[in-house]
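Along the sequence shown, residues carry numbers from 1. All ligand and atom numbering here is 1-based and tracks the order in the structure.
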Amino acid sequence: MQYKSTRGDVVDCSFSDSVLWGSTDKHGLFIPNNFPNYSKKDLEEMRSMNYQELALRIMSDFIGDIPRGDLEKLIRKSYTREIFGTDAITPITKISKEKYLLELFHGPTLAFKDLALQFLGNTFDYILEEMDSTTNILTATSGDTGSAAIEATRRRKRLRAFVLTPEGRMSPFQTAQMYSVLDPGVFNIAVNGTFDDCQAMVKEAGEDKEFRDKYHLGYMNSINWTRVLAQIVYYAKGVFEIQRRENLPVDAFVDAATPTGNFGDVLAGYYAKKIGIPIGQLDLATNENNVLDIFFKDGIYRIRKKEDVIVTDSPSMDITSASNFERYIYDIAHEDPKVINDLWKQVKEEMFFDISNTPYFENVKNSGIVSGSTIKRERYDAIKKIYNETGIIIDPHTANGAVVAEQYKREGVPMMCLATASPIKFEDSIKEALGQDIVLERPEQFRGIEDRPKRYVRMERGDVDSLKKFVAEHSISL
Ligand SMILES: *Cc1c(COP(=O)(O)O)cnc(C)c1O
């Protein structure tokens, strides 16, 4: 399987190149040249597989240049009971009639990003080993992604991680999750500024081509194709498991509700449906930052200025624009790079595009995605209701999906709500929703994490020279 760019600037590159590059020089995103289309017989076979077998079955259809035996090893190394604390990897829990949670938060950082990043870290390392090369991952984060990237990089032979974080602007738990990693290959850099300041520094350092090439800078951000691919697997796993519990045949539809930020997780669901996994309707949920909800209702994609982003209890969904959305529009626009170039040129210049009066919007309406947005009161009511009925506590991100799932629930079609984070990461919100006396039981490895020794360096915002110097001194090379 070869890959191409949404902007038309790359054709026929290998899976491995898509991993290492992340995106193309012209900011295009990698797309497989074609997609499998599973038959009922394929689905029957897949339904009896465990997580690792299913991952191999699906991923091998997208990966041409890693021998099957090696791919199997990478999968077995990434999805273990030891790392995810459960053989199921992504367990299913029933919360009411025909309604289930797909629990995606059992990885090392307690959010769904681990499912993709554990595999991406191993795959990165494997490809570098084959090429006898190394990579220095440079990234900025406001929370979830950073710790997942750190966990994906540590103990990998050919990777180092430099992670910029806004000092004092993350929760004590999130800060501890990153700064308490003492591995010699992981460097936490605390910047006295905002997340945007951190991102601007990473961007500026990366735009220096000489520097970038000399120190083999690499990225693991959400547009990396491997992340989307790895996420397709758990949609399939979840659907099959719900069919089994509801005694349904393998072609019976299950709907899914997904909280969204960068459109990565929803996109994986969309591709799962495209390749024949029986997903009926995909319910996309946003919080008050409802850029995508507006698009799916009105056909207008209007990105926001940074200062117009609303800070919410579901911070990983507080976005200005959705970086993976381009892949969806590419599909909707019959894979025409010209359309993508034109639309994103307009976004760059005017901060919006409007396809409401084009045939493309008909394709959007027929694509199986419906949308909704939620406000804090609705999320907290959902957290309370589910807790009162089942004793299960969902986190505020998951609550976005649960609210929208309620709006679109179809009689007789089971609903799979994607639970993207563990509630223990958002203790303050949970206490506000459920009452101060609620006790959130932390898994063993997170007890007292705030009090552990920390390792990080400080840097002034905007001081790109110091950043480059630091990377140069601590970079990995053979
Ligand atoms: C990143 C994240 C999201 C949003 O996922 P996208 O793939 O960016 O849409 C939702 N919930 C949690 C907990 C996250 O960490």
Quick check on contacts: which atoms of ligand 1 are under 4.0 angstrom from a heavy atom of Lys113? 1 (C), 2 (C), 3 (C), 14 (C), 15 (O)

Identify the closest protein heavy atom to atom 9 (O) of ligand 1: which residue and atom is it, and at what distance? Gly261 N, 2.8 Å

For ligand 1, is any non-hydrogen atom under 4.0 Å from Phe263's backbone (N, CA, C, O), its side chain (CB onward), both, or neither? backbone

Would you say the side-chain atoms of Asn188 and Arg455 include a donor-acceptor pair closer than 3.5 Å? no

For Thr260, atoms of ligand 1 separated by under 4.0 Å from a heavy atom: 9 (O)

Assign the ring pair Tyr301 / Phe295 to parallel, tilted or perpendicular, where the plane angle (0 to 90°) is split at 30° and 60°. perpendicular

Per-atom contacts, ligand 1 versus Gly264 - under 4.0 Å to a heavy atom: 6 (P), 7 (O), 9 (O)

Taking distance alone, with no angle check, do Asn262 and ligand 1 share an N/O pair under 3.5 Å? yes

Nearest heavy-atom pair of Gln281 and Asp283: which atoms, and what distance? NE2-OD1, 3.3 Å

Contact check: Met317 vs ligand 1, nitrogen or oxygen atoms, below 3.5 angstrom: no

Would Phe105 count as a contact residue for ligand 1, given that I'm defining contact as a non-hydrogen atom of the residue lying under 4.0 Å from a ligand atom? no

For the residue pair Ala285 and Val404, what are the closest heavy atoms and their distance? CB-CG2, 3.6 Å

Quick check on contacts: which atoms of ligand 1 are under 4.0 angstrom from a heavy atom of Ala421? 13 (C)

Looking only at protein heavy atoms, which one is nearest to atom 5 (O) of ligand 1, and how far off is it? Phe112 CZ, 3.5 Å

Over all atoms of both residues, closest heavy-atom pair of Ile63 and Met1: N-CB, 4.5 Å

Is the ring centre of Tyr328 less than 6.0 Å from the ring centre of Phe296? yes

N or O contact, Gln231 vs ligand 1, cut-off under 3.5 Å: no

Centroid separation under 6.0 Å, is that true for the rings of Phe35 and Tyr271? yes

How close does the nearest protein non-hydrogen atom get to atom 7 (O) of ligand 1, and which residue and atom is it? Asp265 N, 3.0 Å

Proximal ligand 1 atoms for Ser316, defined as those under 4.0 Å from one of its heavy atoms: 1 (C), 2 (C), 4 (C), 12 (C), 14 (C), 15 (O)

In the protein, which heavy atom is nearest to atom 12 (C) of ligand 1, and how far is it? Thr420 OG1, 3.5 Å

Does Lys4 make a cation-pi contact with Tyr330 (under 6.0 Å, within 45 degrees of the axis)? no

So Phe353 and Phe325, would you call those rings parallel, tilted or perpendicular, with 30° and 60° as cut-offs? parallel

